[in-house]
Amino acid sequence: MANVNDNNQHSGRLAIDGELTIYTALELKDQLLAALAATEELELDLSAVGEFDAAGLQLLVMIKQEAITLGKAVRFTGHSPVVVDLLDLSGLAGFFGDPLLIVRKPTREGKPT
Amino acid sequence: MIPDEYLQTFVVECRELLEQMEEALLIVEQAAEDPEIINAIFRAAHTIKGSAGMFGLEPIVAFTHAAESVLDQVRSGDIEMCSALASLFIEAHDHLNILVDHVAENSQPDGDIDHHGKSLIERLEAYLKGAETAEKVTDNSDEMPVVHEATLEREQSDVVGTDHWHLSLRFGPEVFRNGMDPFSFVRCLATLGSIVELVTLIDAIPPAQDMDPETCYLGFEISFSSDADKVAIDSIFNFVRSDCLIRILPPHSKVSEYQRLIQDLPEEEMRLGEILVKCGTLTPKELDNVLRFQAEQSDSPQRPIGEMLVEQHIVSPPVIKAALEKQQQVKDHKKTEANLIRVDAEKLDELINLVGELIIAGAGTNLIARRAGLANLMESTATLSRLVEEVRDSALALRMVQIGGTFNRFQRVVRDVSKELGKEVDLVISGAETELDKTVVEKIGDPLTHLVRNSMDHGIENAELRLARGKPAKGTLKLNAYHDAGSIVIEVSDDGGGLNKAKILSKAIERGLVSEGANLSDKEIYSLIFEAGFSTADTVSNLSGRGVGMDVVRRNIQALRGTVDVDSIEGQGSIIRIRLPLTLAIIDGFMVGIGNAAYVIPLDMVVECIELRAWASDEGDGQYLNLRGEVLPYRRLRDHFDVEGDLVQRENVVVVRYGEHKAGLVVDKLMGEFQTVIKPLGKLFKSEKSIGGFTILGSGEVALIVDVPGLMGQIEIEKGTVERAGIVAAK
């Protein structure tokens, strides 16, 4: 199960823990949207994502696009190896525009941005 | 070699798909195009092609491929579905059916079939070429002008430079829910070669509020370098083929193929073009070529590409949405299908046989318990027999199928026959959900076909005559089914001219079937049409009128322990009623005793039991009873079956009903309800109409099952001869 830690309301930071997959997509969608609604700039910490699949990828795309529509910002940080792997495969890193390529190596060593 | 059972499954599936396809084609032929139905046809063709490919059945693959390509263009709107095209597809469907038959029989199609197939492929391909030239001109897509020759040459000359495969994948919305991850296919693909470039398409992901996180919106464009052949690459996607859009272009494909690809995919052209360039599949120059090539083919070569793209852009979102909705619906349909299990009919028969034995054994135990007088044992056997009864019911229900499938097949028959005869006829189906035994369903098809053809040929008049009689020009043929008193009734009715009594009678006299001056009721006259060698048609047509047929129909139906009769109103139409038993295996019986023998009467047909003396007064001639003022013909079973033994004091009458007839059967003893497994009688007793079979009682004794319709028929015939003899004597 994914465990979402809504640590800090002000900075709009959300950490996704565990699965970011089809099994958790339904509830995560609502949580992501709620988190985005509460802040102007949302930071999604993906460092604890243990499983990541195409449904998870869709969610990230969705929240990114939603943020653009609302004129807000979403940043993904601390991509865990599974996330990096799939983003790499999908060729979508450019779409998200996060400093993934720079971040990628440190993440693999377990260091967040 | 392919294992037989897989091949059988393939054949069964193909037949089902072909059936669906036929159904859809008939609708398309009639009405304007409905994208959903065209999609269904396409999917059927596609699935057949896919599974035939798995078995390496090249002729089917090649043939279906041609059909599929045209359908694909129809689907994308490049070719307009017209009734001519639908007819062509119906021919193609028939051809596929023949090919599948050959697979089933493990035989090779002969030269004629091959030739036919080739000519069909040619005709299909003609449409394809027609579409290419007519593309985007749309308005008058007159089939294949002379221009194509040029197109063909151009196709050959322009080849794209890349030596990579190009794969376009659009995953269906249900992919996640079906437990699959699109990326797993990509990973699988990577085992066959190397992925040069992959672009994930996220364009279809809707805005947050509309997005269903469990629906897949993804697509991939992949440039792929591999030495594998197309079949190997293609087979990776076997699991998702049905709900995904998959296009695989081999290296050095023709420009036109890319162009077709761009058109096939849901995204707008410019975006796709960019993606293709990004994938390295096309160079920017090549893309330009592709798009220009397309522009050249359209009517106005000067039209800027941009304008076309804008147009495309406007067109595409609703198309995507429609496609998704369609897929959803099909998927829902599939889900219900997935709840079905295919079971070998023989296994079912075996089960029912066993249940039959169980019933006999149960009855035996019951008898012993009663004799022993042990209350506990009796109670438990009672529970047991109730359970056995339930098992029997559900076992029989397994064999029950809806008659709708059989009825729907007649859409095609009616279409073909109405074309052949030049009459316009509508088929109206009702009661399609009525269930009956599978064996009965299988055997009723032929007689029904005959009746339907007959009604259309003889019953329904031609348009002029209909108009003159104040009827709509289009005739109506109705198929109806319903349950009635333990049997199923199937009605074939038409609003045609009805039966001409005088004509039938004169013909019958001419043929020597009836003696002149015989006094026949309407019913009797109508049923003459079922006599062998009888036809009142003035002209013998291709279909009917040769006097063979109706008697065969009656024989077939009687072989199923059914009856058939006709009702007609002259000038308004006629109705043919077939009455069949629901099942052939087990019945609820009512056991009666005559002398020392036991007989079983099907319980469904028993109306009531009365004591002969107490209720009804014998009218003297031994033929009719007065049952509360109703005239009831009756028959002593003791006399009928020639049973010896002591007469009993109080005889009972079992009143039975079959259809509209009622009759009384006089028996010695009433022995109560009894579950009966019908065992067929040997051939020796074939001519005995009044006995339908036998059963083994719990005690091991044999009881004969009275075939009520047969018995009634026999009584009627005997009565008829007696009456006729009387008339002759009176003269």
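First the proteins, then the strands, lettered A, B, ... as listed; each starts at 1.
- Once rounded to the nearest 0.5 Å, the distance linking CD1 of B:I205 with CG of A:L60 reads 9.5 Å.
- Using a 4.5 Å heavy-atom threshold, the side chains of A:M62 and B:I202 count as separate.
- To the nearest 0.5 Å, atom CG of residue B:D181 and atom OG1 of residue A:T21 are 9.5 Å apart.
- The shortest distance between side-chain heavy atoms of B:F183 and A:L57 falls below 4.5 Å.
- Here A:L26 is the residue among A:L26, A:D53, A:T69 with the most heavy-atom pairs under 4.5 Å with chain B.
- In this structure, CG on A:L33 lies 9.0 Å from CD on B:Q209, to the nearest 0.5 angstrom.
- Between A:Q58 and B:C216 there is a side-chain heavy-atom pair separated by less than 4.5 Å.
- If you tally non-hydrogen atom pairs under 4.5 Å between each of A:L86, A:L59, A:L32 and chain B, the highest count goes to A:L86.
- Contact record, B:A208 with A:K29: O-NZ, 2.9 Å, taken as the closest heavy-atom pair.
- Taken to the nearest 0.5 Å, the CZ atom of B:R187 stands 5.5 Å off from the CG atom of A:D85.
- Between B:T200 and A:S90, the closest heavy-atom pair is OG1-O, 2.5 Å.
- Nearest heavy-atom pair, A:A54 versus B:L218, reported as atom, atom and distance to 0.1 Å: CB-CD1, 3.6 Å.
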